[in-house]
Amino acid sequence: MSKKNNLYIGKAGQNVVMSEFLIRGYNAGIPEVDVGDDIFVVRDSDGDLQRIQVKTGKVVTKRNFFTAQFRIPLDQLRQPIEPQLIYALAFRDFANNNWQCFIIIERSRLNELNLINNIGTISNNHLQLYVRINRLNSTVICSGLDITEYLNNFSKWPQINH
Amino acid sequence: MEKILVDVGIQSSGRTFRLNPKSKQELANEFPHRNPISSIFVSDETKHDFENIHGSIYESILQILTDLPESKLKKIPFAIIDPVTHTELFNSEKPSVKKKQLIHR
């Protein structure tokens, strides 16, 4: 896949995640310069801000499960900067032309899972995640670890009705 | 426990401190009945005001992050480290490091 095509896919992932926040009643914006954060999510009532980094993975479908891979820069992962950065891993299924699901996980939690539970593999100063989702029971496994609790976990953003 | 490591993120208006995940796990194993907090942001202004009256703020930050009393913490050395650059901002065994780093930041 060409670099240019990756830009289109990345942008598509960013927009689909942004639409999820908008439909939940949160304001969302994209920084003018792309140097880390993909989306700023703001609760209009009090200005509460969340920073979202979207990573898009291409779904590979097997019989009873599908997989996708994601790469996260280690320098970004290790940072303890506030407000907390949240990763949104978007699973794009090109064969069926749809978005299969999202993994929503705080940076500090993913950092802990890597340092304590050895989730993912380190390569070229990046954390590589190979995520496998069972199509029958929707369990999510990464490096042998069950991370199902992060599947489509938008619970930090309860619906706001304006 | 040999040493507590605290990760720090330098921001434009202050610093965010959190326990290094490995230290967090060691503390959880050794002192299970605590209510530690995940991270704390200290603005430069707060740090300046606090240190003018009480001296170094790092011991107090460590107490909040670990939820351990001063008496226990005194027995365990600790260091504050930038986890990206691996720069040591403070080391209780080498307190002079603190001054040196602060001048450059």
Side-chain angles (χ1 to χ4, degrees), chain A residues 31-33 35-37 40 42-43 46-53 71-87 104-127 129 142-147 149-150 153 155-156, chain B residues 1-32 34-47 57-58 60-62 64-67 78-90 101 105:
Chain A
E32 287 292 337
V33 182
V35 285
D37 298 342
F40 292 145
V42 181
R43 189 168 57 201
D46 57 6
D48 180 65
L49 173 78
Q50 303 274 352
R51 301 158 54 209
I52 311 294
Q53 172 77 59
R71 282 181 94 232
I72 293 168
L74 267 192
D75 285 356
Q76 185 189 67
L77 180 68
R78 303 285 189 238
Q79 285 273 7
I81 298 286
E82 294 284 344
Q84 178 71 267
L85 184 71
I86 295 164
Y87 288 113
I104 309 295
I105 184 167
E106 285 190 3
R107 172 170 60 183
S108 60
R109 183 67 190 130
L110 184 58
N111 187 40
E112 280 183 8
L113 288 174
N114 170 242
L115 290 171
I116 305 297
N117 303 92
N118 296 317
I119 200 170
T121 53
I122 308 286
S123 170
N124 293 328
N125 213 29
H126 281 71
L127 175 68
L129 298 171
C142 184
S143 303
L145 206 67
D146 188 335
I147 56 166
E149 64 183 292
Y150 305 107
N153 188 356
S155 58
K156 267 179 175 286
Chain B
M1 175 157 205
E2 274 182 31
K3 193 176 202 172
I4 299 172
L5 297 181
V6 175
D7 290 343
V8 63
I10 314 287
Q11 299 181 232
S12 56
S13 58
R15 291 150 200 233
T16 299
F17 299 88
R18 71 157 186 229
L19 284 174
N20 178 278
K22 287 181 179 170
S23 290
K24 187 178 170 185
Q25 191 187 35
E26 284 175 21
L27 283 163
N29 293 339
E30 205 159 326
F31 308 102
R34 301 167 301 116
N35 292 305
I37 62 162
S38 57
S39 69
I40 180 171
F41 174 80
V42 180
S43 73
D44 291 334
E45 192 183 359
T46 301
K47 183 175 180 297
I57 198 171
Y58 295 132
S60 303
I61 289 168
L62 188 69
I64 294 168
L65 287 175
T66 59
D67 192 33
F78 75 99
I80 297 177
I81 291 168
D82 182 326
V84 178
T85 63
H86 304 289
T87 310
E88 200 171 70
L89 192 71
F90 177 82
Q101 295 294 346
R105 282 188 182 270

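Proteins get letters first, then strands, A, B, ... in listed order; numbering begins at 1 in each. Being a predicted model, the structure only gives us computed values, none of them experimental.
- Smallest separation of non-hydrogen atoms from G9(B) and P80(A): N-CG, 3.4 Å.
- Under the salt bridge (Lys or Arg N to Asp or Glu O under 4.0 Å) criterion, D146(A) pairs with no residue, sequence neighbours left out.
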Tell me which donor-acceptor pairs, judged by distance alone and kept under 3.5 Å, run between chain A and chain B, one pair per line.
from    : atom 1 : to     : atom 2 : distance (Å)
R78(A)  : O      : R18(B) : NH2    : 2.8
E82(A)  : N      : Q11(B) : OE1    : 2.9
E82(A)  : N      : T16(B) : OG1    : 3.4
E82(A)  : O      : Q11(B) : NE2    : 2.5
E82(A)  : OE2    : S39(B) : OG     : 2.7
E112(A) : OE2    : K24(B) : NZ     : 2.5

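- Under the rule for a ring-ring contact (aromatic ring centres under 6.0 Å, His included), the partners of F78(B) that lie at least two apart in sequence or sit in another chain are F90(B).
- Under the side chain to side chain donor-acceptor pair (under 3.5 Å) criterion, S123(A) pairs with no residue, sequence neighbours left out.
- Annotation: maximal heavy-atom pairing with chain B below 4.5 Å, among L77(A), L74(A), I116(A), L115(A), occurs at I116(A).
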